[in-house]
Undergrad: 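Have a look at this one.
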Amino acid sequence: MDTKYIFVTGGVVSSLGKGIISSSLACLLKARGYKVTIQKFDPYINIDPGTLNPYEHGECYVTVDGHEADLDLGHYERFTNIQTTRANNVTTGRIYQSVIDKERRGDYLGKTVQIVPHITDEIKRNVKLLGNTGNFDFIITEIGGTVGDIESLPYLESVRQLRWELGQNSLCIHLTYVPYIAAAKELKTKPTQHSVKKLQEVGIQPDILVLRTEKDIPVDMRRKIALFCNVAPDSVIQSVDVPSIYKVPLKMHEQHLDEIVLRKTGMPVEGEPHMAPWLQFLDKMDAATETVTIGLVGKYVELQDAYKSINESLFQAATYADRRLKLVYIHSEKLNDANVDERLRDMDGVIIAPGFGQRGIEGKFTALKWCREHDVPTFGICLGMQCMVIEFARNVLGLEEANSTEMNPTTPYNVIDLMEEQKSISNMGGTMRLGAYDCTLAPDSKAAEAYGKTEISERHRHRFEFNDDYRARFEQAGMRCVGENPKTHLVEVVELPDHRWFVGTQYHPEYSSTVLSPNPLFLSFVKAAVAYKDERAKS
């Protein structure tokens, strides 16, 4: 069977949820037994989002093969349970870099290098890269940005050419916005009409329209949109706001999006998608009445996308524990000895977030000292784990000036230090320890109990590491190094065995947590938080 290519474009405004619609469609097609993957094309000139500030672009997601990627890849994995790689996220920077490298090598035989055909050919090559493996029935390609953006034009031109070349093996889904004007008490279709017109101007006729809206769009209004946009009336679908993104696949299936896609690409439409495990998750989500309160201590807490994978991992774990998640964001820059008790005393569990740099670090130490002394279930991730080590060194080992050389290069007690292979690197992009690495867990550790095994693999994104010279002192004082890389003996997991649940991981377990396969450490942490809440309620 030929691979089918589905292009998802967006109009009117950004952040409409192209990633969620793409993920939902992939979820439905996969539930019908098809092999599906999704890729994201980002129009910015950065090589990848690894050097971007979270204020610019939300969290940076890391794939198993060590590529720093757009956060939409996290949605793709959470919805489909399949692992993405470097090939699933391409930026304009990567496209231009590849074309310029070819030009320098003389691959173009002295020709003038131009947007068309050289840039567009490179985009098309990347679109079809996954299809060339022959392993996928459907490849969904999300084009970042909105129609009308200057930087998106080469991508749209490439889509136009591919639609022409692929024929019935491709289709275009256009996601657009139907705003509700409160003063007029009316939904307005003009922005959608203009958006489709823009798409038609570059030679692309959408096959399916998905209308993002806060209010239900009447059938006659959808017919009007179909008429003005040259789209079949049954191919105009609304995406109304829902309480959880995990309900979107069902809403799309109710309107037959998966069936329309199959029909338009010449595929048989038989039976129903197998959604039983997904529905069980949603049933648990809807049935939960009691809450579990988790405090997330970090410096980007005003940004909902900065800790996206952690938020979703906690939500999944809480759902499987039959609880509603109450996530409380605690700004680490505003946390100090005077207010820490007031801010943390109502928490059932606390997460110390990952990050880089000095800002907000002292607040993390304050939170960790309070959590350790009050025996509150605590989870430190990446920099959060390093902060656990530093706080313990200062307040238990008595090394008052202990620090990471990231924060203080001249610290006399460098309990966290730059990794050996990082010392000669001056480049910022894609040079950290990235991607999945093996880890061996101590059999009697909380981490091994959570995973149900001692050999695991998790994804990393860091430059600094636990300094092994101090290991014996930590172990004697009660902080155990219970996880290490079998080849390098790099410490991956620390914990306090005499506490309810006090675990730090150098890796990022949130990257591998999905709806159908929640990460075991998050499940264990939330379970400990629920037990701690119940314990307090009894006393």
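From a predicted model like this one, the values you see are computed outputs, not experimental measurements. Just so you know, residue 1 is the first one in the sequence shown, and it goes up from there.
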Undergrad: Between Glu77 and Arg459, does at least one N-O distance fall below 4.0 Å, as a salt bridge requires?
TA: yes

Undergrad: Do Gln205 and Gln200 pair up side chain to side chain, a donor and an acceptor below 3.5 Å, judged on atom types alone?
TA: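 The criterion, which ignores hydrogens and geometry beyond distance, is satisfied for Gln200 and Gln205.
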
Undergrad: Does CZ belonging to Arg223 count more than 12 external heavy atoms closer than 6.0 Å?
TA: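 Not buried by this count: 12 neighbours or fewer within 6.0 Å.
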
Undergrad: Charged N to carboxylate O below 4.0 Å: is that the case for Lys215 and Asp241?
TA: no

Undergrad: Thinking salt bridges, do Glu68 and Arg433 make one under a 4.0 Å N-O criterion?
TA: no

Undergrad: Tell me if the NZ atom of Lys124 is crowded by more than 12 foreign heavy atoms within 6.0 Å.
TA: yes

Undergrad: Hey, are Asp72 and Lys40 close enough for a salt bridge, meaning a charged N less than 4.0 Å from a carboxylate O?
TA: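 Looking at Asp72 and Lys40, the cut-off is met.
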
Undergrad: Please tell me if the side chains of Leu325 and Leu314 come closer than 4.5 Å, counting only heavy atoms from C-beta onward.
TA: yes

Undergrad: According to the interplanar angle, ranging from 0 to 90°, do the rings of His253 and His256 count as parallel (below 30°), tilted (30 to 60°) or perpendicular (above 60°)?
TA: perpendicular

Undergrad: Could you tell me if Asn519 and Ser512 have a donor-acceptor pair between their side chains, going purely by distance under 3.5 Å?
TA: yes

Undergrad: Please determine whether a side-chain nitrogen of the Lys or Arg among Lys284 and Asp322 lies less than 4.0 Å from a carboxylate oxygen of the Asp or Glu.
TA: yes

Undergrad: So, taking the atom named CD1 in Ile294 and the one named CG in Leu327, what distance separates them when rounded to the nearest 0.5 Å?
TA: 8.0 Å

Undergrad: Can you spot which of Arg32, Lys251, Lys30 makes a salt bridge (Lys or Arg N to Asp or Glu O under 4.0 Å) with Asp258?
TA: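 Only one option passes, and that is Arg32.
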
Undergrad: Should Ile20 and His75 count as side-chain neighbours, where that means a heavy-atom distance under 4.5 Å?
TA: yes

Undergrad: Would Tyr329 and Tyr307 count as a ring pair (Phe, Tyr, Trp, His ring centres under 6.0 Å) if you check the C-alpha gap in whole Å, the side-chain angles of each, and the deciding distance to 0.1 Å?
TA: CA-CA 10 Å; Tyr329 294 103; Tyr307 305 113; 7.3 Å; no

Undergrad: Between Lys111 and Glu103, does at least one N-O distance fall below 4.0 Å, as a salt bridge requires?
TA: no

Undergrad: Decide if atom CD1 of Ile45 counts as having more than 12 heavy atoms of other residues, nucleotides or ligands within a radius under 6.0 Å.
TA: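 Atom CD1 in Ile45 is not packed in, count stays at 12 or less.
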
Undergrad: Is the Tyr320 to Phe281 ring centre distance short of 6.0 Å?
TA: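 They qualify: ring centres under 6.0 Å apart.
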
Undergrad: Would you mind checking if Arg359 and Glu333 are paired as a salt bridge, meaning a charged N to carboxylate O distance below 4.0 Å?
TA: yes

Undergrad: State, yes or no, whether a side-chain contact exists between Asn88 and Tyr76 at a heavy-atom distance under 4.5 Å.
TA: no

Undergrad: With a 6.0 Å cut-off on the ring centroids, do Tyr246 and Phe79 count as close?
TA: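 Centroid separation for Tyr246 and Phe79: below 6.0 Å.
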
Undergrad: Mind checking the CD-OG spacing from Glu142 to Ser22? Nearest 0.5 Å is all I need.
TA: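 Glu142 atom CD to Ser22 atom OG measures 4.5 Å (nearest 0.5 Å).
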
Undergrad: Can a salt bridge be assigned to the pair Lys264 and Asp207 using a cut-off of 4.0 Å between side-chain N and carboxylate O?
TA: no

Undergrad: Where do Ser309 and Arg78 land on the side-chain hydrogen bond (donor to acceptor under 3.5 Å, both in side chains) test, with the steps shown first?
TA: CA-CA 9 Å; Ser309 293; Arg78 284 188 283 275; 3.2 Å; yes

Undergrad: Between Lys188 and Glu186, is the closest basic N to carboxylate O distance under 4.0 Å?
TA: yes

Undergrad: Between Lys247 and Glu254, is there a salt bridge with N-O shorter than 4.0 Å?
TA: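 Judged by the 4.0 Å cut-off on N to carboxylate O distance, Glu254 and Lys247 do not form a salt bridge.
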
Undergrad: Before accepting this row, confirm whether a basic side-chain N of the pair Lys308/Glu510 lies closer than 4.0 Å to the acidic partner's carboxylate O.
TA: no

Undergrad: Under a 4.5 Å cut-off applied to non-hydrogen side-chain atoms, are Ile260 and Ile237 in contact?
TA: yes

Undergrad: Side chains of Glu157 and Gln161: any donor to acceptor distance under 3.5 Å?
TA: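 A donor-acceptor contact under 3.5 Å links the two side chains.
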
Undergrad: Does the distance from a Lys or Arg side-chain N to an Asp or Glu carboxylate O, for Glu259 and Arg263, drop under 4.0 Å?
TA: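 No, no charged N to carboxylate O under 4.0 Å.
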
Undergrad: Would you check if Val242 and Val248 make a side-chain contact, meaning some heavy-atom pair closer than 4.5 Å?
TA: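 The answer is yes, as the side chains (C-beta and beyond) meet within the 4.5 Å cut-off.
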
Undergrad: Can Arg222 and Asp220 be counted as an ion pair, charged N to O under 4.0 angstrom?
TA: no

Undergrad: Would you mind reporting whether Ile310 and Pro354 have side-chain heavy atoms less than 4.5 Å apart?
TA: yes

Undergrad: So does Lys4 pair up with Asp137, basic N to acidic O under 4.0 Å?
TA: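 Salt bridge flag = no for Asp137 with Lys4.
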
